Participant: 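Here's a structure for you.
Only this structure's heavy atoms are used, side chains among them; waters, hydrogens and symmetry mates stay out. Each ligand, and each atom within it, is numbered from 1 in the order the structure gives. Since the structure is predicted, the reported quantities are computational estimates derived from the model, not experimental observations.
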Amino acid sequence: MIRFLTAGESHGKSLVTIIDGFPSNLPISLDYINFHLKRRQQGYGRSTRMKIESDAANILSGIRFGKTIGSPISILIENKDWVNWIEEMDLEKKSKETPRVTIPRPGHADLVGSTKYNFNDIRNSIERSSARETAARVAAGTVARKFLEHFGISIGSYVESIGDVYSSKKFFNSLLANKKTAIESGWSISLKADKSILRLLDKSQGENIVKKLKSIKKNGDTVGGTFITIATGIPVGLGSFMQYDQRLDADIAFYFMSINAVKGIEIGSGFSSAEKTGSQVHDEIIFNKEGFSRSSNNAGGIEGGISNGSPIIVRSAMKPISTLAKPLNTLDLGTMKKVSARYERSDITAVPACAVISESMLAWVLAKHFLVKFGGDSIQETKDNFDNYNNKSIKRIRTNFRK
Ligand SMILES: Cc1cc2nc3c(=O)[nH]c(=O)nc-3n(C[C@H](O)[C@H](O)[C@H](O)COP(=O)(O)O)c2cc1C
């Protein structure tokens, strides 16, 4: 079973991740990891921090001569902004001048974190609850993505809406219709979306969205949105219905909902399927020389908690950023008087970045279930297991049921 942990504060020296359980001999380069770290930092609406940080991975272990060696992979990402926070983040002692943060922001982790961990300075909550941590997750997810690429699985994402401005649903509908022409691969979607600062595939709403973001910024406000994450090349059989916690859809929901500010997800036609009839929703089963497939993909590639071979389609909702330049009311915990919430440098929207982070979360959860099914201590052993299953599983089904 693969696993990873992250460590590091938003304005601390660095972020770290330890990634455990990947087989040996998987080729992976520093450039590849840095390429995906950079993608997380793009997008309209981000704060000036993105100009300070230019994330670069420092691989400390687990890779030798360009390949994994089966040992834990540890990656360190420096926070370039740390030099501006040395006093606030000192490991030893607080200087007299370092002010405490006493005013919690509505919608952030400030008050709940301080209550739970018994802090007298909200800074202790802010530092770890910040989405800066997702840089380390992207590093871990990029190792998973590289692993999946070895087996023809590819992942991409695009932004569907910012606030109430939606781009055309035409492409999403063609995904649900399982149109072969809709996508070559998950990654081909990201290649297109990467060209847009808003990660839009449909540029027709680009100007409207930028206009909206400018007016939101002028009003000191923030906004969320929705994005789609897709994986293609998925074999049948990832996940299981044998136990509730082995279901692939449940695990995807867990990893996506763990992303800061993601407040809703659906798989395939999700919520809209509740309004339709069974005959409108369920995907008919087809068989041809390529094997089994489905006439449509309202299931989003998962039936009974198991991947069915169709692309996996996840749609997520990100709430508006909680730090507002024109703040909401809150209390100063020092005086218990009503005050306006604190403002500290913040994004207006981070939906495009969130979509990129979701790619890493999807890569991770798919790699996890892939290795549960196919195992292997070296990439060659995993490949042998994968090929053996692929070559035999359909033949077996046909033999088992032959009348
Ligand atoms: C990529 C990304 C960037 C974010 N940037 C900010 C930000 O600049 N300011 C802020 O208040 N929240 C930001 N957030 C959201 C907070 O991290 C999040 O709302 C907070 O951790 C509380 O968690 P919750 O919203 O999941 O309850 C960002 C989230 C993501 C995914």
Participant: Using a 4.5 Å cut-off on heavy atoms from C-beta on, say whether the side chain of Cys354 contacts that of Val262.
Facilitator: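 The answer is yes, as the side chains (C-beta and beyond) meet within the 4.5 Å cut-off.
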Participant: Could you check atom 24 (P) of ligand 1 against the protein and tell me its nearest heavy-atom contact, residue, atom and distance included?
Facilitator: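 Ranking protein heavy atoms by distance from atom 24 (P) of ligand 1, first comes Lys263 NZ, 3.5 Å.
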Participant: Give the residue and atom name of whichever protein heavy atom lies nearest to atom 18 (C) of ligand 1, and the separation in Å to one decimal.
Facilitator: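 Nearest protein contact, heavy atoms only, for atom 18 (C) of ligand 1 is Asn260 CB, 3.9 Å.
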Participant: Would you say Ala350 and ligand 1 have an N/O pair spaced under 3.5 Å apart?
Facilitator: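 In fact, backbone or side chain, Ala350 has no N or O that close.
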Participant: Does Lys13, at its NZ atom, have more than 12 non-hydrogen atoms belonging to other residues, nucleotides or ligands within less than 6.0 Å?
Facilitator: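 No, NZ of Lys13 has 12 or fewer neighbouring heavy atoms, counting only those of other groups under 6.0 Å.
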Participant: Look at atom CD of Glu344 and say whether more than 12 heavy atoms of other residues, nucleotides or ligands are closer to it than 6.0 Å.
Facilitator: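 More than 12 within 6.0 Å, yes.
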Participant: Look at atom CG of Leu5 and say whether more than 12 heavy atoms of other residues, nucleotides or ligands are closer to it than 6.0 Å.
Facilitator: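 No, the 6.0 Å shell around CG holds no more than 12 heavy atoms from other groups.
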Participant: Would you mind running through ligand 1 and noting each atom that sits below 4.0 Å from a heavy atom of Ile357?
Facilitator: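 Those atoms are 1 (C).
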Participant: Out of Val112, Ile321, Ile126, Val138, who is nearest to atom 10 (C) of ligand 1 when you count heavy atoms only?
Facilitator: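 Among Val112, Ile321, Ile126, Val138, the closest heavy atom to atom 10 (C) of ligand 1 comes from Ile321.
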Participant: Do any N/O atoms on Arg345 end up under 3.5 angstrom from N/O atoms on ligand 1?
Facilitator: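 N/O-N/O distance below 3.5 Å does not exist for this pair.
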Participant: In terms of atom number and element, which parts of ligand 1 are under 4.0 angstrom from non-hydrogen atoms of Ser322?
Facilitator: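 Here the atoms of ligand 1 in question are 11 (O), 19 (O).
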Participant: Answer yes or no: does atom CD of Gln280 have more than 12 heavy-atom neighbours from other residues, nucleotides or ligands under 6.0 Å?
Facilitator: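 Counting other residues, nucleotides and ligands, CD of Gln280 exceeds 12 neighbours.
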Participant: Considering distance alone, does some N or O of Ser130 sit under 3.5 Å from an N or O of ligand 1?
Facilitator: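 Not met; the criterion fails.
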Participant: What residue and atom, counting heavy atoms only, is the protein's closest point to atom 11 (O) of ligand 1, and at what distance?
Facilitator: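 Among all protein heavy atoms, the one nearest atom 11 (O) of ligand 1 is Thr323 OG1, 2.5 Å.
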Participant: Regarding Ser71 and Arg64, do their side chains bring together a donor and an acceptor under 3.5 Å, going by distance alone?
Facilitator: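 No, because no side-chain N or O of Ser71 sits under 3.5 Å from a partner of the opposite role on Arg64.
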Participant: Are more than 12 heavy atoms from other residues, nucleotides or ligands located less than 6.0 Å from atom NZ of Lys192?
Facilitator: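 No.
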Participant: Which heavy atom of the protein is the closest neighbour of atom 21 (O) of ligand 1, given with residue, atom name and distance?
Facilitator: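 Heavy-atom neighbour on the protein nearest atom 21 (O) of ligand 1: Ser129 O, 2.9 Å.
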Participant: Hey, are Ser272 and Glu275 close enough side-chain-wise for a donor-acceptor pair under 3.5 Å?
Facilitator: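 No, no side-chain donor-acceptor pair sits under 3.5 Å.
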Participant: Nearest non-hydrogen contact with atom 20 (C) of ligand 1 belongs to which option: Lys319, Gln41, His108, Met318?
Facilitator: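 Looking at heavy atoms only, His108 sits closest to atom 20 (C) of ligand 1.
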Participant: Out of the candidates Tyr389, Phe22, Phe151, only one should pair with Phe370 under the ring pair (Phe, Tyr, Trp, His ring centres under 6.0 Å) rule; please name it.
Facilitator: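 Among Tyr389, Phe22, Phe151, the one that satisfies the ring pair (Phe, Tyr, Trp, His ring centres under 6.0 Å) with Phe370 is Phe151.
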Participant: If we count only N and O atoms by modelled type, under 3.5 Å, do the side chains of Asn34 and Asp31 hold a donor and an acceptor together?
Facilitator: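 No, no side-chain donor-acceptor pair sits under 3.5 Å.
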Participant: Starting from atom 15 (C) of ligand 1, which protein heavy atom do you reach first, and at what distance in Å?
Facilitator: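 Protein heavy atom at minimum distance: Ala261 CB, 3.8 Å.
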Participant: Can you tell me if Tyr343 has over 12 outside heavy atoms packed within less than 6.0 Å of its OH?
Facilitator: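 Counting other residues, nucleotides and ligands, OH of Tyr343 exceeds 12 neighbours.
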Participant: Does even one non-hydrogen atom of Thr134 get within less than 4.0 Å of ligand 1?
Facilitator: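 Flag not set, Thr134 not near ligand 1.
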Participant: Identify the protein heavy atom lying closest to atom 30 (C) of ligand 1, giving its residue, its atom name and the separation to 0.1 Å.
Facilitator: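 Scanning the protein heavy atoms, the shortest distance from atom 30 (C) of ligand 1 goes to Ala131 CB, 3.3 Å.
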Participant: Does ligand 1 have any atom sitting under 4.0 Å from a heavy atom of Arg40?
Facilitator: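 Arg40: no contact with ligand 1 (<4.0 Å).
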Participant: Among all protein non-hydrogen atoms, which one is nearest to atom 8 (O) of ligand 1, and what is the separation to 0.1 Å?
Facilitator: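 Result for atom 8 (O) of ligand 1: Asp347 N, 2.9 Å.
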Participant: Checking a contact table here: which protein heavy atom is nearest atom 9 (N) of ligand 1, and how many Å away?
Facilitator: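 The closest one turns out to be Ser346 OG, 2.7 Å.
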